[in-house]
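Heads up, the thing below is written out as structure tokens.
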2 protein chains.
Amino acid sequence: MLTEERHRIILELLETKKIVRIQELVEVLSSSESTIRRDLSQLERKKKLKRVHGGASLLNQKKEELSIDEKLTKNLEEKDRIAKYAATLIKDGDCIYLDAGTTINQMIPYISAHDLTVVTNGLTHLEQLLAKNINTYLVGGCIKQKTRALIGHGAIDSLNKYRFDKIFLGVNGIHVDYGYTTPDPEEAAVKATAINLGQNVFVLADHTKFHEVTFSKVADLEEATIITNETDPETIEEFRKKTNIEVVTE
Amino acid sequence: MLTEERHRIILELLETKKIVRIQELVEVLSSSESTIRRDLSQLERKKKLKRVHGGASLLNQKKEELSIDEKLTKNLEEKDRIAKYAATLIKDGDCIYLDAGTTINQMIPYISAHDLTVVTNGLTHLEQLLAKNINTYLVGGCIKQKTRALIGHGAIDSLNKYRFDKIFLGVNGIHVDYGYTTPDPEEAAVKATAINLGQNVFVLADHTKFHEVTFSKVADLEEATIITNETDPETIEEFRKKTNIEVVTE
DNA sequence: CACAATTCAATCATTTTCTTTCAAATTCAT
DNA sequence: ATGAATTTGAAAGAAAATGATTGAATTGTG
């Protein structure tokens, strides 16, 4: 791959993710660590990004956001481990659905299975999927400006034409009584549709999502397997009564 | 192969791919590496592209700068005028379909109508449409790597749920007997579907497309109004017998 | 504080790409 | 045709990019 091409992709990734890890870039761009490091140095010299330990970040943020940024980094690491584990569930030849959103996005660099068919409603996933030469389908629909997700009837109708080996979703809240929830009803409807299109449904959620409830219900707990890094034994036990829950420890 | 011809092809490739490798060009144009390198140097001197290690990339030039270049950007200028005129056909409140491809892409900067709903199968149009705050819908489907167009049954099914006030298409060939044609059968099928979804169908085509025939038929001439800058009186007359044709002169 | 684990910068050998040069082939005007 | 100008392809050495390796620096953990 050409240097220019890599630089372009790195900057595009940064736009959507704010922070990228070197290892992610190594995977997505199939280049060596050395090359990626050189790329980041060059882009930093051109003032296109800021290098940080472990990767690079946008150099846009104000002082207030900096502290938030540190938390974000930590949270990202958690999410990253969850995503990495989830990616290992994908096997050669699978047809999978990848929900829009940053949580699921983090899976992509770790996908190593071959001969995949991926369907997604997340425009932000596209560059990475195509860079990995994965056979990618988009659902139709209305584009939600903020998150670049495809939603609405178009998305739901498109989805209903597919069946998946595995379905990976992100949500905002997980609650014993209220199940999975997310703020936007339109997005919830898409997720609710996807959840019925296969036997193996996985919801990825770091520990901050537990006991949270947001506006729109996606489904009941038992309709998906939860993949998380939550380790509080009480919480785990509580949810294990209702559904499968896989805890990523390492 | 003539130098001029190679230059034209190189620039066309660049338009769709953003970046091309020298080796690619060597194969496509069956010329030696030396010749390609010379071509790229010349085109760089003319400010048509930027050389990068391993190939060449598009330099993001603004429209104004383009028109400053005179005779040499003639083809681009032509396309631009056609696109500009086509954009004026769009009225406030319209629901329109924009086909994938560079010809139609050029319309977007000139769209000034308000309260639009745009449906497209071209991923490359998205950023510009969203930047203009246009209510944008994507059709679903399989992503064609090379052109970033959505194609296949998914795209066709998605499309069939809509009806449009105006439909704008690009094609590769226009011929009195064979109608509108384009190389990829999958893309042709999408265009053929779109053409039936409204009364006002416009095909944008600069003069190089006339009398050309490519692999896959999209539709008969009479199914769309041609917008062009072709000025040869005989050609115009010949086509006017079959369908509406609007000639952009200024 | 000390330990292990990452991450980092620097360096080197290898491969790829670039520039320059030159001779053969082609085009053009006499 | 003949010779001049242009275009082309090949070759050689220079430059750039790449991946691997090393030891130093940084981070997280007990």
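Below, chain A is the first sequence line, B the second, and so on; all start at residue 1.
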Stepwise, does the ring-ring contact (aromatic ring centres under 6.0 Å, His included) test hold for B:F210 with B:F239? CA-CA 10 Å; B:F210 282 83; B:F239 282 84; 5.0 Å; yes
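Closest to the side chain of B:S32, from the set D:dA10, C:dC8, C:dA10, is D:dA10. Residue B:R6 places its side chain closer to D:dT8 than to any other of C:dT17, C:dT7, D:dT8. Minimum atom distance to the side chain of A:T35 is reached by D:dG19, of the listed D:dA10, C:dA9, D:dG19. Relative to the side chain of A:H53, the nucleotides D:dG9, C:dC8, C:dT19 differ in distance, and C:dC8 lies closest.
In this structure, the CG atom of A:L25 is 14 Å from the P atom of D:dG19, given to the nearest Å. Atom C1' of nucleotide D:dA10 and atom CD of B:E33 are separated by 11 Å, given to the nearest angstrom. Between the CD1 atom of B:I22 and the C1' atom of C:dT15 there is a distance of 16 Å, given to the nearest Å. The distance from atom CD of A:E24 to atom P of C:dT7 is 12 Å, rounded to the nearest whole Å. When the P atom of C:dT7 is taken as reference, atom CD1 of A:I36 falls 14 Å away, rounded to whole Å. Look at CZ on B:R21: it is 20 Å from P on D:dA16, rounded to the nearest Å. Atom CE of A:M1 is separated from atom C1' of D:dG19 by 16 Å (rounded to the nearest Å). Here C:dT6 presents its C1' atom at 13 Å from CZ of A:R81, a figure rounded to the nearest Å.
In this structure, A:E5 does not pair ionically with B:K18, as no charged nitrogen and carboxylate oxygen lie closer than 4.0 Å. Salt bridge present: A:R8 and A:E12 bring a charged side-chain N and a carboxylate O closer than 4.0 Å. Between A:K50 and A:E44, none of the side-chain N atoms (NZ, or NE/NH1/NH2) sits under 4.0 Å from a carboxylate O, so this pair counts as no salt bridge.
Between A:T3 and D:dT18 there is a side-chain polar atom (N or O) within less than 4.0 angstrom of OP1 or OP2. The phosphate of D:dA17 (OP1 or OP2) has no side-chain N or O of A:R37 nearer than 4.0 angstrom. Put simply, B:R38 has no side-chain N or O that comes within less than 4.0 Å of OP1 or OP2 on D:dG9.
Residues A:S31 and A:R6 approach most closely at OG-CD, 3.4 Å, considering heavy atoms.
Position along DNA chain C of the nearest nucleotide to A:G55 versus A:L2 favours A:G55 as the more 5'-ward residue.
Among the heavy atoms of the strands lying under 4.0 Å from B:V52 are primed sugar atoms or P, OP1, OP2 only; no base atom is included.
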